[in-house]
Amino acid sequence: CLDTDLESSDDPGVGGSGLGDLELGGKATGLVELVRHGAPVPRFAVVLGSTFRTRARPALAGVLGGFVYDLADADADAGSVAGSVAEVIERWSPTLVAAVESIPDDDLAAIVGPGGMLAALGSGDAPLAVRSSMVGEDSATASFAGQLRSFIGVAAEPRAIAAAIRGCWASAFSVHA
């Protein structure tokens, strides 16, 4: 979990955060840049890319291989056994989304609970916004603008935050994305 206390980093990394390119998405990098330049921004916390990889890997282990195999076999249009790329994505999306949504609350407790995100955000029970900020979501050649889910008005309690995080993660595997 990265919070707004960025002053301790000596390694400039992404936006001066000391983190590599695989840790922060576009929105998070923008927030880090604003903090580094002294802009007033609301308190925030970021779930790092490595946290997604660590928590989602077990949930996706049983299904991702089949998806990648079918995707590699797909034709750009149709005609392969697997079908077109769009057909493969449409067929596998519900399975991939369900796998990510099955990540237990306990797997997210350490990053969300009292010693994690809630501590970084400070005390209070004001509703939160949980927004996607996927690594590589925006580049010079592609944009994921509007493709991944955001959750507004999330209760400042661990289970609600964990559910919203899972929802953001799962949206990366939706047909829409």
Side-chain angles (χ1 to χ4, degrees), residues 1-2 13-15 17-34 44-112 116-117 128-154 159-177:
C1 174
L2 167 73
V14 176
S17 68
L19 299 170
D21 291 339
L22 295 177
E23 292 294 351
L24 298 179
K27 289 180 203 76
T29 299
L31 286 169
V32 169
E33 281 292 320
L34 288 169
F44 66 92
V46 177
V47 178
L48 301 176
S50 57
T51 301
F52 168 76
R53 291 186 297 278
T54 301
R55 299 305 195 278
R57 183 174 288 127
L60 290 168
V63 296
L64 203 51
F67 170 67
V68 171
Y69 180 81
D70 280 1
L71 199 55
D73 192 43
D75 284 341
D77 296 314
S80 75
V81 174
S84 71
V85 170
E87 290 168 337
V88 169
I89 291 170
E90 189 169 326
R91 184 172 61 250
W92 277 96
S93 177
T95 303
L96 295 166
V97 167
V100 173
E101 288 177 342
S102 75
I103 298 169
D105 283 342
D106 289 347
D107 286 359
L108 297 173
I111 60 169
V112 173
M117 230 177 235
L128 304 172
V130 179
R131 310 232 16 231
S132 63
S133 183
M134 188 169 92
V135 171
E137 72 180 304
D138 295 314
S139 70
T141 59
S143 173
F144 274 75
Q147 303 298 303
L148 304 176
R149 292 197 59 199
S150 291
F151 297 85
I152 308 301
V154 176
R159 287 191 183 280
I161 298 169
I165 290 169
R166 272 193 308 271
C168 286
W169 289 350
S171 71
F173 297 96
S174 70
V175 172
H176 181 72

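- Rounding to the nearest 0.5 Å places CD of E87 at 11.0 Å from CG of D70.
- Pairing each heavy atom of I152 with each of A129, the nearest pair is CD1-CB, 3.8 Å.
- When all heavy atoms of A74 and V88 are compared, the pair lying nearest together is CB-CG2, 3.8 Å.
- For the pair S132 and K27, the minimum side-chain heavy-atom distance is below 4.5 Å.
- The structure places CG of L60 at 6.5 Å from CD1 of I103, a figure rounded to the nearest 0.5 Å.
- A 6.0 Å sphere centred on CD of E90 holds no more than 12 heavy atoms belonging to other residues, nucleotides or ligands.
- Residues F67 and T95 form no side-chain contact, since every pair of their non-hydrogen atoms from C-beta on lies 4.5 Å or further apart.
- Between V47 and R55, the closest side-chain pair of non-hydrogen atoms is not below 4.5 Å.
- Rounding to the nearest 0.5 Å gives a distance of 7.0 Å between OG1 of T51 and CD of E23.
- Residues A164 and V154 share a closest heavy-atom pair of CB-CG2, 4.0 Å.
- In plain terms, the two heavy atoms of A170 and V97 that are nearest each other are O-CG2, 3.5 Å.
- Within 6.0 Å of CZ on R159 lie no more than 12 heavy atoms contributed by other residues, nucleotides or ligands.
- With rounding to the nearest 0.5 angstrom, the CG atom of L48 is 10.0 Å from the OG1 atom of T54.
- At least one side-chain heavy atom of L108 sits less than 4.5 Å from a side-chain heavy atom of W169.
- Rounding to the nearest 0.5 Å places CZ of F151 at 6.5 Å from OG of S171.
- One distance of note links CZ of R166 with CZ of R149; it measures 12.5 Å at 0.5 Å rounding.
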